[in-house]
Amino acid sequence: MKEKLKYLYEIKALTSMFFVGEVAIYSIINYINGIDYVKISVLLQLVLLALIIVFLQYMLYTYDKALKISIYVRMIIHYISLLSVFIVSSNVFNLFDLSNKKNISIFTLGFTIMYILAFTSMATYYKITGEKFNKKLN
């Protein structure tokens, strides 16, 4: 039972983290476009999107029976799957206008930069705090 609660806590923490990030990004983009509100339907769509992202994240990195492949291959799989989920969900939920190649290329470039910065900051964090060493000791 304690193990299941641990997994539920990890899923809840990841979901809330991704949801807050999604809402912040969506709010900033809407503010730039002159819209000063967020519809409740959009919030529900972002919750669904956060759950999908957490499932991918959890299966690739956190779950005990995660894929036994190189971290770099996991990063590539993660990048491609997240980019696909974001483009598909943007078109399905009409979150952003990705109707032409220029918008898709701008979105892909921005996503790639944010993805690289996120992984670089996480790697730096683990090096500074020694978490990688602690995991090996455990």
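- Both Met75 and Val73 belong to a single network of hydrophobic side chains, linked directly or stepwise wherever heavy atoms of I, L, V, M, F, W or Y lie under 4.5 Å apart.
- Here OG of Ser121 is found 12.5 Å from CE of Met114. Values are rounded to the nearest 0.5 Å.
- When side chains are defined from C-beta on, Tyr79 counts as touching Thr112, because their heavy atoms get closer than 4.5 Å.
- Hydrophobic cluster membership is shared by Ile77 and Tyr72, with clusters built from Ile, Leu, Val, Met, Phe, Trp and Tyr side chains linked at under 4.5 angstrom.
- Here CD1 of Ile53 is found 6.0 Å from CG of Leu82. Values are rounded to the nearest 0.5 Å.
- By the criterion of side-chain heavy atoms lying less than 4.5 angstrom apart, applied directly or through intervening Ile, Leu, Val, Met, Phe, Trp or Tyr residues, Val47 is grouped together with Ile40 in one hydrophobic cluster.
- You'll find the side chain of Val85 reaches within 4.5 Å of the side chain of Leu56, heavy atoms only.
- Two different hydrophobic clusters hold Leu109 and Leu83 under the rule that ILVMFWY side chains link at heavy-atom gaps under 4.5 Å.
- Rounding to the nearest 0.5 angstrom, the gap separating the CG atom in Leu46 from the OG atom in Ser41 is 9.5 Å.
- The CD1 atom of Ile52 sits 12.5 Å away from atom CZ of Phe18, with the distance rounded to the nearest 0.5 Å.
- Annotation: the span from Lys101 atom NZ to Thr108 atom OG1 amounts to 12.5 Å, rounded to 0.5 Å.
- The two atoms that bring Val54 and Leu14 nearest to each other are CG2-C, 3.5 Å, heavy atoms only.
- Using bins of under 30°, 30° to 60° and over 60° for the plane-to-plane angle, the ring pair Phe111/Phe107 lands in the parallel bin.
- For the pair Leu49/Phe86, a side-chain contact is recorded, criterion being any heavy-atom separation below 4.5 Å from C-beta on.
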Do Leu43 and Phe19 pass the side-chain contact (heavy atoms from CB on, under 4.5 Å) test, and can you show the C-alpha distance, the side-chain angles, and the key distance before you say yes or no? CA-CA 9 Å; Leu43 289 176; Phe19 177 70; 4.1 Å; yes
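- Here the side chain of Tyr115 pairs no donor or acceptor atom with the backbone of His78 at under 3.5 angstrom.
- When hydrophobic clusters are built by joining Ile, Leu, Val, Met, Phe, Trp and Tyr residues whose side-chain heavy atoms come closer than 4.5 Å, directly or via intermediates, Met17 is grouped together with Phe119.
- One distance of note links CG of Asn100 with CD1 of Ile106; it measures 8.0 Å at 0.5 Å rounding.
- Heavy atoms only, all atoms of each residue included: Thr15 and Ala50 are closest at O-CB, 3.9 Å.
- In this structure, Phe55 places its CZ atom where only 12 or fewer heavy-atom neighbours from other residues, nucleotides or ligands lie under 6.0 Å away.
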